[in-house]
Amino acid sequence: MKAIEVKNLCKDFKTKVKYSGAEFWKHLFKKKEVNTKHAVNNISFDVEEGEILAFIGPNGAGKSTTIKMLTGILYPTSGEINVLGFNPSKQRVKLSYQIGTVFGQKEQLWVHLSAYDNFMFFGSIYDIPKKELTERINELAKVFEITEFINQPVKSLSLGQRMKCEMVASLIHNPKMLFFDEPTIGLDPIAKETLRNLIKKINKEFGTTILFTSHDVGDIEELCKRVIIINDGQIVLDDSMKNLKYHYLNKKIVQANLKTKVKLDKKVGIKVLKQKDTMYKIEVDMNITSMDELMKLFNADDLQDITISSTPLEDIIKDIYRGNTQTHD
Amino acid sequence: MAVKNNLKLIFSYLKLNLKKEAQYKTSFILKIVMMVLNNAFFILQWLIIFSIVENIGGYGLNELLLLWALSAGSYGVAHLFFNNAFSIGYLIYEGKLDVYLTQPKNLLINICCSSCSVSAIGDIIYAFVVLIITGAPWWWYLAIIPILIIGALIYVGMVIIFQSLCFYIKNGSALANMIESAITMFGTYPPAIFSGVAKFLLYTIIPVGFMIFIPAQYLFLGFNIWYMLMFLGFAILVVSLAFVCFKFGLKRYTSGSLFAGRL
């Protein structure tokens with residue numbers, strides 16, 4: 001069953017043209033030209049129940065705007081949205097009982113109060129009976145390992161601890177679907193790892209559908225089976241992680257240390273990225289040539305050391321953002 | 001059911017906010033005491049004036065103090081229960097309504113009662129202190145409670161109507177702030193000194209006429225059904241308009257991407 005169905009979704013923002021310097025005063029009382037920015041431009045996609053989907057893109061691509069439309073925060077300019085059977089802009093209140101949100105850049109907790117007080121309050125917002133709420137808090141506190149600091153004021157917690165508490169707050173009403181907007185922003189690698197494991201756990205133990213945005217490739221690689229890349233308000237890629245890797249990891253990086261110099265420049269599909277004396281860093285396009293062809297250029301006796309690695313996923317995503325890589329059908 | 005639900009929400013927020021403020025006990029008590037004293041200083045001002053003149057527009061010291069009680073009390077109730085209504089313009093402009101929009105509650109009520117001003121307790125206490133000082137009859141102590149609540153709703157409603165302009169005009173809270181200041185200022189002067197345009201304004205966009213003058217008449221002259229109906233009717237009108245204006249403007253909400261936290 002589909003948790004989210006989006007058809008031809010658009011969101012436009014209108015802004016007046018701003019002038020700087022002397023032009024500002026010249027145009028102060030004149031009618032200003034209005035620019036329309038297509039923040040989200042005719043996107044369509046589905047999310048299956050129980051799926052973890054990464055919704056990624058560069059800054060200003062339209063990810064947060066899309067999430068805000070899916071959660072009922074923003075009204076779409078046009079298009080259709082169905083989240084768990086609800087239309088977010090018309091049935092916002094009903095939908096909000098079924099979804100949880102964590103915005104990495106916007107805290108929802110009251111920092112002067114303890115996490116426990118916060119959870120009790122959020123529980124009352126969702127009309128959860130007190131007994132049931134206490135049980136739920138205890139259960140989540142165990143899963144998220146926050147029992148130690150649950151009674152401390154939120155302001156005294158580390159960023160990682162706070163994010164855990166933010167997640168617990170978003171799960172207090174046992175939502176069917178979670179929206180995470182950059183949940184790992186600003187966290188250290190250990191805290192990131194912990195949070196990723198928790199996201200996996202939420203998905204596995206509670207069967208929660210998760211849609212999240214992140215700029216961290218590690219999050220995407222570790223958590224999702226499917227990724228949607230959005231740029232300039234349009235979907236440029238909607239594919240499984242497996243396919244993404246298969247189709248785009250077609251370049252290998254070879255780092256070789258030779259005894260003598262060799263000529264590599266003229267070979268098609270082989271590009272020398274860096275050379276220092278007899279140390280070479282070479283990119284091999286596996287669609288054009290093969291590793292065998294490269295090896296033929298080396299004298300086996302000359303090889304002192306060699307490492308072969310795939311292009312980092314981060315570079316591939318950067319290329320897709322820049323439009324350097326052809327998206328496949 | 002909806003009324004019960006919203007009342008529950010209002011009191012949950014109040015409890016949470018008071019708990020938050022009470023983390024710093026001395027500051028909590030000081031804020032309340034200072035507000036009572038701040039209001040009390042104005043009694044001195046009027047004592048001096050009334051030592052020179054016998055009455056102003058038919059109002060003696062006791063009647064004037066009653067206006068103060070109604071004005072400070074309504075202001076207090078508004079800022080104790082609905083303090084965030086006075087920041088709606090800022091929240092719209094900065095795109096900070098997101099958290100409220102993801103919660104299953106009436107949006108406007110959820111926003112308005114999510115913060116409270118502790119010093120407002122001082123204003124409410126002051127209203128009752130004035131009744132004691134002026135030797136008010138016992139039933140005034142009871143009658144003033146619904147009057148302050150309805151007065152606060154008129155005040156908050158009018159502020160929301162003007163704060164909602166921020167959906168259309170960037171950083172457009174200036175007018176709302178002006179109305180807010182005018183309400184606190186004009187409500188403490190005898191109604192008879194206002195006439196013409198000023199009187200018209202005081203019974204429309206600066207609604208102290210309905211908030212304070214009419215209930216004051218009701219307390220001075222005894223129960224009058226017409227005064228009561230006017231008072232109630234105007235409150236319903238303003239609050240309904242506030243909901244309509246806010247709901248209408250919300251379609252233009254653009255959110256924001258600033259880092260933000262709830263303090």
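Scope of the values below: all heavy atoms of this structure, side chains included, with no hydrogens, waters or symmetry mates. Proteins come first, then strands; the chains are lettered A, B, ... in the order of their sequence lines, and each starts at number 1.
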query: Using 4.0 Å as the upper bound for N to carboxylate O, is an ion pair formed by A/D117 and B/K15?
result: no
query: Are any of the side-chain heavy atoms of A/F179 and B/T102 separated by less than 4.5 Å?
result: no
Check against side-chain contact (heavy atoms from CB on, under 4.5 Å), B/N5 and A/D127: CA-CA 9 Å; B/N5 220 326; A/D127 307 317; 3.6 Å; yes
query: So with a 6.0 Å cut-off around CZ of B/F200, is the heavy-atom count from everything else above 12?
result: no
- request: Side chain from CB out, backbone as N, CA, C, O: work out which of these in B/L107 comes under 4.5 Å of a heavy atom of chain A, or both, or neither.
  value: both
message: Using 0.5 Å steps for rounding, measure from the CG atom of B/D98 to the NZ atom of A/K68.
response: 4.5 Å
query: In Å, rounded to the nearest 0.5 Å, how long is the span from OH of A/Y126 to NZ of B/K105?
result: 10.0 Å
- prompt: Side chain, backbone, both or neither: which part of A/S64 has a heavy atom under 4.5 Å from chain B?
  reply: neither
query: At what distance, to the nearest 0.5 angstrom, does OH of A/Y97 lie from CD of B/Q103?
result: 11.0 Å
message: Using 30° and 60° as the class boundaries, would you call the ring planes of B/Y24 and A/H112 parallel, tilted or perpendicular?
response: perpendicular
task: Among the options A/V93, A/I125, A/T101, pick out the one with the most heavy-atom pairs lying under 4.5 Å from chain B.
output: A/I125
- prompt: Take atom CD in A/E33; do more than 12 heavy atoms of anything else shown fall under 6.0 Å from it?
  reply: no
task: Look up atom OG in B/S115 and atom CH2 in A/W110, then write down how far apart they are to the nearest 0.5 Å.
output: 7.5 Å
message: Surrounding CG of A/D232 (heavy atoms of other residues, nucleotides or ligands, distance under 6.0 Å), is the total greater than 12?
response: no
task: Could you tell me which portion of A/K14 (side chain, backbone, both or neither) has an atom closer than 4.5 angstrom to a non-hydrogen atom of chain B?
output: neither
- line: Across all chains, not counting sequence neighbours, the side chain to side chain donor-acceptor pair (under 3.5 Å) partners of A/S96 are none
message: Per the side-chain hydrogen bond (donor to acceptor under 3.5 Å, both in side chains) rule, what does the pair list look like for residues 70-88 of chain A, sequence neighbours excluded?
response: A/N87-A/S89
task: Answer yes or no: are there more than 12 heavy-atom neighbours, outside B/M185 itself, under 6.0 Å from its atom CE?
output: yes
message: Could you measure the distance from the CD atom of B/Q23 to the NZ atom of A/K155? Nearest 0.5 Å is fine.
response: 7.5 Å
query: Taking all atoms of both residues into account, what is the closest heavy-atom pair of B/V99 and A/Q108, and its distance?
result: CG1-CB, 4.0 Å
- request: Answer yes or no: is there a side-chain heavy-atom contact under 4.5 Å between B/L16 and A/N118?
  value: no
